[in-house]
Amino acid sequence: KQEVTQIPAALSVPEGENLVLNCSFTDSAIYNLQWFRQDPGKGLTSLLLIQSSQREQTSGRLNASLDKSSGRSTLYIAASQPGDSATYLCAPLVDKIIFGKGTRLHILP
Amino acid sequence: NAGVTQTPKFQVLKTGQSMTLQCAQDMNHEYMSWYRQDPGMGLRLIHYSVGAGITDQGEVPNGYNVSRSTTEDFPLRLLSAAPSQTSVYFCASRTQGTLNTGELFFGEGSRLTVL
């Protein structure tokens, strides 16, 4: 049974800091892994998709890494901004896609 | 392309009523799924389908029925609504396959209140 854990559960930091959000999963037989953000009361926005054959994927100030063998993914946010405030979710992509509870991020101006 | 379309966006039901949440995608995705999201509980998988005619249970399937008669549509049925089913429901889809399993696309959500 897939279990997904995201650490920390919440994070509040001043603007400009570099951040690391962690995602761990128990079933390493995944196809790919996807990171999302969700603003309060809104839907999910896809941030990055890491193919199982890749180890990293970058988009702007975001960089995600994937280590299937250890069941871990990390989302790195560089030079954080107040607009980055949201809940971040990871999803190991298998047939039965389970989400973690996310990391609630608050960037202080 | 419209992507993943959910209807209705808002619905209020009385306990015991039945209804169907509709989900349609125009991307020819084999995989479709339904989630519910409650405060503090994150997204929980209700049912999913890897292709037409195939459905399977997720984490919280009780009280919900699904069917997949076409590739495009994946309706979620509440046969007798209960207040515990008050939630925001999200439908998602993606391509399926070991070599080309693509990213997951979400609909905008359907907010259901059961009185």
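Worth knowing before you read on, the calculation uses all heavy atoms, side chains too, and leaves out hydrogens, waters and symmetry mates. In what follows, chains are A, B, ... by sequence order, proteins preceding strands, each numbered from 1.
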Same apolar cluster (I L V M F W Y, side chains within < 4.5 Å links), A/Tyr88/A/Leu19 | yes
Answer with side chain, backbone, both or neither: which region of A/Lys1 has an atom nearer than 4.5 Å to a non-hydrogen atom of chain B?
-> neither
Are more than 12 heavy atoms from other residues, nucleotides or ligands located less than 6.0 Å from atom CZ of A/Arg61?
-> yes
Please list every donor-acceptor pair under 3.5 Å in which a side-chain atom of residues 92-109 of chain A meets a protein atom from a residue at least two apart or in another chain.
residue  : atom : partner : partner atom : Å
A/Asp95  : OD1  : B/Gln96 : NE2          : 2.7
A/Thr103 : OG1  : A/Pro8  : O            : 2.6

Would you give the length of the straight line joining atom OG1 of A/Thr87 to atom CD of B/Gln37, rounded to the nearest 0.5 angstrom?
-> 8.5 Å
Atom pair CG/CZ of A/Asn32 and B/Arg94 - distance to nearest 0.5 Å = 8.0 Å
A/Leu44-B/Leu112 co-clustered via ILVMFWY side chain contacts under 4.5 Å = no
Expected contact set for residues 44-70 of chain B against chain A at heavy-atom separation under 4.5 Å reads B/Leu45, B/Tyr48, B/Val50, B/Gln57, B/Gly58, B/Glu59
Got a sec, which pairs hit disulfide bond (SG atoms under 2.5 Å apart) with one end in residues 74-109 of chain A, sequence neighbours left out?
-> A/Cys23-A/Cys90
Give the cluster check for A/Ile77 versus A/Leu11: same hydrophobic cluster or not, with ILVMFWY residues linked at side-chain heavy-atom distances below 4.5 Å.
-> yes
Pick one of side chain, backbone, both or neither for B/Tyr35, based on which atoms fall under 4.5 Å of a heavy atom in chain A.
-> side chain
Just wondering, do B/Phe90 and A/Gln38 contact through their side chains at under 4.5 Å, heavy atoms?
-> yes
Step through the shown structure and confirm whether more than 12 heavy atoms of other residues, nucleotides or ligands are within 6.0 Å of CD on B/Glu108.
-> no
Determine whether B/Phe106 and B/Phe74 fall in the same hydrophobic cluster, where Ile, Leu, Val, Met, Phe, Trp and Tyr are linked whenever their side-chain heavy atoms lie under 4.5 Å apart.
-> no
What do the steps show when you test B/Leu104 against A/Phe36 for side-chain contact (heavy atoms from CB on, under 4.5 Å), and what is the final call?
-> CA-CA 10 Å; B/Leu104 197 61; A/Phe36 296 86; 4.0 Å; yes
Side chains of residues 12-19 of chain B: which donor-acceptor pairs under 3.5 Å do they make with residues two or more places apart or in other chains?
residue : atom : partner  : partner atom : Å
B/Thr15 : OG1  : B/Leu115 : O            : 2.6
B/Gln17 : OE1  : B/Lys14  : N            : 2.8

